[in-house]
Amino acid sequence: MKKANIEIEYNEKGFPIIERFGKPNLSFDLANPNELYIEGNQDGLLLLAKALLGMAEYENSDDGFHIHLDDLYKINNADKAFIISKSK
């Protein structure tokens with residue numbers, strides 16, 4: 001079984017630092033209300049994984065911090081918003 005190690009760095013305020021490497025591409029589609037389809041190249045999927053892990057480990061979930069993958073990283077050709085936030 002192949003295992004992957006993903007490291008997430010945090011800035012001085014505790015926000016995850018999610019850097020764009022390579023040429024990430026992700027596409028999100030809601031084909032119907034019951035199915036979210038995410039497609040991406042390797043760089044895009046790694047960026048998504050880092051954003052999810054970074055948010056999962058983020059300490060201060062009640063401060064409103066969230067990540068806009070589409071705005072920050074220009075990875076979604078479909079022009080749909082993809083926002084990650086953490087609830088308590």
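The basis for the numbers below is simple: all heavy atoms, side chains too, and nothing from hydrogens, waters or symmetry mates. Quantities reported herein were computed from a predicted structural model and do not represent experimental measurements.
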Any [X] side-chain heavy atom under 4.5 Å of [Y] side chain:
| X | Y | answer |
| --- | --- | --- |
| Leu26 | Asn41 | no |
| Lys86 | Phe65 | no |
| Glu57 | Ile8 | no |

Lys13: partners by side chain to side chain contact (heavy atoms under 4.5 Å, CB included), with sequence neighbours left out: Asn11, Phe15
In residues 30-40, what donor-acceptor pairs under 3.5 Å come from side-chain atoms, sequence neighbours left out?
residue : atom : partner : partner atom : Å
Asn32   : OD1  : Asn34   : N            : 2.7
Asn32   : OD1  : Glu35   : N            : 3.1

Going hydrophobic residue to hydrophobic residue with side-chain gaps under 4.5 angstrom, can you get from Ile83 over to Leu52? no
Taking side-chain contact (heavy atoms from CB on, under 4.5 Å) as the criterion, tell me which of Leu53, Ile84, Leu47 meets it with Ile18.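 Among Leu53, Ile84, Leu47, the one meeting side-chain contact (heavy atoms from CB on, under 4.5 Å) with Ile18 is Leu47.
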Let me see the working for Ile17 and Glu19 under side-chain contact (heavy atoms from CB on, under 4.5 Å), right down to the final yes or no. CA-CA 6 Å; Ile17 300 170; Glu19 294 185 55; 3.9 Å; yes
For Met55 and Pro16 the tightest heavy-atom approach is N-CG, 4.3 Å
Is a donor on one side and an acceptor on the other found under 3.5 Å between the side chain of Asp43 and the backbone of Lys23?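 Checking the backbone N and O of Lys23 against the side chain of Asp43, a donor-acceptor pair under 3.5 Å is found.
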Rounded to the nearest 0.5 Å, what separation is found between the NZ atom of Lys50 and the CG atom of Leu48? 12.0 Å
